[in-house]
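Just so it is clear: chains get the letters A, B, ... in the order the sequence lines come, proteins before strands, and each one is counted from 1.
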Amino acid sequence: MRWVDFKDSVKRFWSEYKHQVSGMVGLALLIILFVLALAAPVLTSPNIPKEWQTGQAWITNPKNAPPSWENYFSSVKKAPQKVFKLGDMQVKHQINGSQNVYTLTFSYDMRYNVPPKNIVITGIASNASTPKDNPKVSIMVQRPKEKGVKYENILLLQDSPFPNGGAIQLGYTPQVKSLLFYWLYENGVFHLLMPLQPQLPLSIRLLQLNQQLQMNNTLYSYFQSADPMKILFGQITDSKGHLLPLREIVYNTTGLMGNYKFTLLIRSPKDVKVNLDNIEVTMVGRTFGSLGTDQYGRPISIGLLWGIRIAIAIGLSVAISTVLIGVLYGVTSAYVGGWVDELLQRFNEFMMTLPVLPMLILLSLYFGGKISLTQLVGILVLFGWMGTAKVARSMALQIKEQTYIEAARALGAGTGRIVFKHIVPQLLPYAFANIALSVPGAILSEAGLSFLGLTNPNMISWGRMLNDAQMNGATINGYWWQVIPPGLAIATVGLIFVLIGVSLDTVLNPRLKRA
Amino acid sequence: MAMGFGKYIAYRTVNAVIILFLAVLLMSALFTKLATIQYTAQVDSDVQMWVQGYFKAHHRAPTQEQILNYKAQLMHKYGLDKSYWGRTWMYTVDTFIFRWGNSIEPVFGTHNVVKQIEGALARTILLFTTAQVIIILIGLALGVKSAQIPGSLLDRTISILAMLTTSLPMWWLGMLMILLFVVYLGWLPITLYSQVAVSGWVNILKKMSLPVLTIVTVSFGGWSWIIRNIMIGTMQEDFIMVARAKGVPERKVIYGHALKAAAPPIVTMIIFAMLGSMGGAIITEIVFNWPGMGRLYWEALQLNAVRTMMALNYMFAFLFVFSMVLADILYGYLDPRVRVGAAARA
């Protein structure tokens, strides 16, 4: 085929294709998909594939959190994820005697019925060489005004050491709970048999408080089951300003909406350098982002975005390879004929006889049960070419009888020349349409194997996400955001290729054009 | 060299049996290899356990001879004392002549592989073949109907539906069904799908409802569409035109002439689908906790029950080969042109 002819036929093809509505819709969607796949590192972070399994990046994310927009459909508003970075805080640096003191303040606008799940502080770096030199973090909170409450300021944490690369999870720190109960006690929510003596140091008072709590069964059960965040962000008086009983505060918390002023005090010895550039205070949400998170706190939206790459890579490489192999196999079989044809056909039937999914599972176990992308493509190609070969053979049998083939043979053209120059080009339209139509099958197979947990877990694929969801009992627990999006993505990508394939078929194989 | 249709069928059958045997041989080679790896590890850990146990009981280590003896016993139990090809051949022949024997670990509550497969097959037929019958009936009805008026609303809906459902993972739809009907609407109890066993016909029917709905939803669009295409192809043939010109009523043209002429490919499809449905679907059965053929395979895999896996794969292959031969026979029976053509070509 000459270049001019090629250009011409492409032009003709395009002028017909652009009138196919479904084909154009499919093409547009495919382009969007490609753009998203390429932009994934820019839209998120290029380290995602490395971080996906290790989980370090997701430590501050809530687990199994629904999407934040669920709030619009619910009367109970749940706090979304909120991160305060250095830029969001006011920073003051003083040198107090032998110590560096950093004071960081920010205010958190709490407008939710259900407060954040946890508060996590990360990213305080220092050049401390011994543990005792590690910076020490104290946290004070000024709650919004509440009628009938004596003390609005709470000391939440005192001098908690912060090692490099560490994290403070206020929700799970015992000291935080004790200090919150101390604050409740100070406000008179509950009384102790032996009142705490204000002249004693705080640490002694806390010790006494803990001891007395443990001695009183009722109080201690409240203490055990209390969620520190619900106390911190909850009302402790009713609308008239009367103190609520402790059981109401612990079990039937109502969020106290308003501005919470947080003050972080970070102290370190003068010769220890503290770097706060990466500090993050995360209000861990009860809801998260646009699509929620899975059981490891990984955002579903990120998995969905990166999954496009695997889906397209597998879909296209498998489809192209299987169709090319199938076409060549079928054409060779038809053209050579005789016992070779017979043998090739029997081999084709042999391959078709092998049950696909059981064999795929078996082969993936062969490769250690955690097959990589290339191995997966190889296996899917191995079991994917037979159908195409059968159709290609029967088409080639018809073409073989055409007079121009006979003429070519009379002119002394060899088998290879006739097959590649005269028969295969005739089959290309069928091949192109078939490639597009084979993509969904390949993606479905990958999803199935991943769902069974047989592929490499480092691969961010939609099947893998559904596997995680299944492991997590997402259907039974009603975590719809872990189940619906990945499957919908699989179906959508499949549909895009079907739309394109059907349109290609209509344009390229005019015989199939019907009423 | 002309041979009769009978001979042609005989040739195809022999051919199918050979292919089936080769397929079993290949699968056997693969399974034996896998089993060797897993059983060797099993033997090693068993021996270590035994040595530790012995030490606890007798306060001294067993002699080297005792260890070797025990190991040899285990090797014999797992069949590792025979050569790789010896075992491969043994599995192949045993599987091929339905001498399936016992699996080392019990699967579905029994060691007897024939019993395991009987039970699983019955449950798979109950679910998947029932669903397949429904799909075929709906497919035929909608396909024929939409072929009557190509381009009608029904016709276009079916085309779109077929496109939408081809790329839908069946097992994912199953998860959605559980999410919707069990978790959110609460129409069915959660225990129905969180555990395998259910008792009583009413509960079995209830448990069947969602998987059947899932399978039918995924497949009926595609079926209707294919039947529509076959029918449209037939309706454009000259003899239909002649029948219409003669004034044969449209109903009779469709159900008498066209459907009869379109029967061979449709019957072939039905054969493949019905026999294929007996293989179940691994992932869908896992999602719905349905103890059929697919789940049996998955559980056998987890337990290294090689004989069960071999027998199951043999069943899958057997069903396919059997459909191939059956389709050949029925095709020739329904379409005289094929009968003559096949005989002439052979």
*Under a 4.0 Å N-O cut-off, is there an ion pair linking B:Arg12 with A:Glu349?*
yes
_With chain B as the partner, which of A:Leu499, A:Val439, A:Leu357, A:Thr475 has the greatest number of non-hydrogen pairs under 4.5 Å?_
A:Thr475
_Atom group of A:Met351 that falls short of 4.5 Å from chain B, counting heavy atoms_ = neither
*Under 4.5 Å, counting heavy-atom pairs only, tell me which of B:Asn313, B:Val321, B:Leu168, B:Leu26 racks up the most with chain A.*
B:Asn313
*At a heavy-atom separation under 4.5 Å, does A:Val493 approach chain B through its side chain, its backbone, both, or neither?*
neither
*Given the options A:Leu437, A:Ile476, A:Val502, A:Ile443, which has more heavy-atom pairs under 4.5 Å with chain B than any of the others?*
A:Ile476
_I'd like to know if B:Asp155 and B:Lys145 make a salt bridge, using a cut-off of under 4.0 Å between side-chain N and carboxylate O._
no
*Return the option, out of B:Thr165, B:Leu301, B:Val182, with the maximum number of heavy-atom pairs under 4.5 Å with chain A.*
B:Leu301
*Can you tell which part of B:Met309 gets under 4.5 Å to a heavy atom of chain A, answering side chain, backbone, both or neither?*
neither
*Heavy atoms only, distances under 4.5 angstrom: which of B:Trp171, B:Tyr193, B:Phe316 has the most pairs with chain A? Name it, please.*
B:Trp171
*Of the backbone (N, CA, C, O) and the side chain (C-beta and beyond), which part of B:Asn15 lies under 4.5 Å from a heavy atom of chain A, both, or neither?*
side chain
*In terms of heavy-atom proximity below 4.5 Å to chain B, should A:Leu354 be classed as side chain, backbone, both, or neither?*
side chain
*For chain B, which of A:Pro440, A:Gly473, A:Gly487, A:Ala474 has the most heavy-atom pairs under 4.5 Å?*
A:Gly487
*Most chain A-contacting option - heavy-atom pairs closer than 4.5 Å, from B:Leu30, B:Leu34, B:Ile37, B:Leu173*: B:Leu30
*Mind ranking A:Arg346, A:Gln470, A:Met359 by heavy-atom pairs under 4.5 Å with chain B and telling me who comes out on top?*
A:Arg346
